[in-house]
Amino acid sequence: MSHQVHGQASCDVQDSKGNRDDQSLILEKEPAFRLPFPVTRFRATKCSLFRSGRHTGSYSKEWQAQKKNFALRTKLFFFTKSILDRVLAVAVLILLAPAMIAIAILIKLDSPGPVFFRQSRVGLHGRVFRIWKFRTMYNAEADIHGSRLTERDDARVTAVGRWLRQWSLDEAPQLFNVLSGDMSLVGPRPHALRANIGGRPYADIVPGYYRRHVVKPGITGWAQVSGWRGETVLPFQIEQRVVHDLEYVRQSSLLLDLRIMILTVARYSNTGVF
């Protein structure tokens, strides 16, 4: 006899010696990652996925085929996304090259220090990488660990830096991170290693926080075009960002990436950060 318990079906199967296999299993449906195709993932143990007499004592052939197909499509999607990222990054760098040279000159004239600011960020699968940005703070005030996030009217920000941050132009060098494969054009924004709110790391505030690292971080993302950008001083602000990040992970597709890029250009040209 089989019964349903909390969304799981229980298999009661007898082997050739009449011993019962009461392994709880089968067909536990979890929210699918649509990448860009609808998929339902299944979990199985020793029971067959189907009570049709095809009990194998392990995973069914149907499940194995679905798993292989899912892996193949996932690899194809991310490979295509990676190629498009690099092609578009090269094109945008060529278009922005004169502006980036001018910005570099303004930064050197505004305050002493390097043109670029590099900081360790958390990327795909939790791997740490170094992000590129135009320097927007006085060199002595730069926070390389990200333990103190930028606030509105932050005294550490230079005059040129304030203008760059208003139009998000300080993010332009991250196109080099896209070319190196550390980032994507679209994805959850990478956080600094010590990013926190009131001394609490983001992972302690938001359950499932690390699930946002199953895709590459992006220069822009679903959270940013949905209005969750700028300062993060209250727990609900990072909670909403992560909620939108995970929604992006679940709904990932090339069309969604295109939509986010279009919204980024439209909304960032009308509203600034600080």
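Note: hydrogens, waters and symmetry copies are ignored here, and every other heavy atom, side chains too, is used. Each residue takes its place number in the sequence, starting with 1.
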> Can you say whether the rings of H244 and W228 are parallel (under 30°), tilted (30 to 60°) or perpendicular (over 60°)?
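The rings of H244 and W228 sit tilted, inter-plane angle from 30° to 60°.
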> Do L93 and F176 touch side chain to side chain, with heavy atoms closer than 4.5 Å?
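L93 reaches F176 side chain to side chain.
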> Indicate, with yes or no, if the rings of F134 and F117 have centres closer together than 6.0 Å.
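No: the rings miss the under 6.0 Å criterion.
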> Let me see the working for S168 and R229 under side-chain hydrogen bond (donor to acceptor under 3.5 Å, both in side chains), right down to the final yes or no.
CA-CA 11 Å; S168 298; R229 54 193 289 256; 3.1 Å; yes
> Verify, without hydrogens or angle tests, whether S82 (side chain) and F78 (backbone) share a donor-acceptor contact under 3.5 angstrom.
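No, because the side chain of S82 does not come within donor-acceptor range (under 3.5 Å) of the backbone of F78.
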> Is the shortest distance from a Lys or Arg side-chain nitrogen in R127 or D182 to a carboxylate oxygen in the other one below 4.0 Å?
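A salt bridge links R127 with D182.
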> With the threshold set at 4.0 Å, does a side-chain nitrogen-carboxylate oxygen contact exist between E171 and R189?
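Here E171 pairs with R189 in a salt bridge, since their nearest N and O are under 4.0 Å apart.
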> How about CZ on R118, more than 12 heavy atoms from neighbouring residues, nucleotides or ligands closer than 6.0 Å, or not?
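Counting neighbours around CZ of R118, more than 12 heavy atoms of other residues, nucleotides or ligands fall under 6.0 Å, so yes.
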> Checking E247 side chain against V243 main chain: does a donor-acceptor pair fall under 3.5 Å?
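It does not hold such a pair.
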> For N177 and W132, indicate whether the former's side chain and the latter's backbone hold a donor-acceptor pair under 3.5 Å.
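A pair under 3.5 Å: yes.
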> Measure up the H213 and Y210 rings against each other and bin them: parallel (under 30°), tilted (30 to 60°), perpendicular (over 60°).
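H213 and Y210: tilted rings.
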> Tell me if a side-chain donor or acceptor on R135 pairs with a main-chain N or O of S111 at a distance below 3.5 Å.
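At least one qualifying donor-acceptor pair exists.
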> Can a donor-acceptor pair be found, under 3.5 Å and without considering hydrogens, that links the side chain of Q240 to the backbone of Q237?
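No; judged by distance alone, with no hydrogens or angles, the pair does not exist.
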> Flag yes if more than 12 heavy atoms outside R194 fall under 6.0 Å of its CZ atom; otherwise flag no.
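Result for CZ/R194: open.
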> Would a distance-only check, ignoring hydrogens and angles, find a side-chain to backbone donor-acceptor pair under 3.5 Å from K216 to G181?
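Present.
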> Determine whether a donor-acceptor pair (N or O, by modelled atom type, separation under 3.5 Å) exists between the side chain of R156 and the backbone of M137.
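Answer holds: no.
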> Just verifying a value: how many Å separate T158 OG1 and L106 CG, rounded to the nearest 0.5 Å?
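Here the interatomic distance stands at 10.0 Å.
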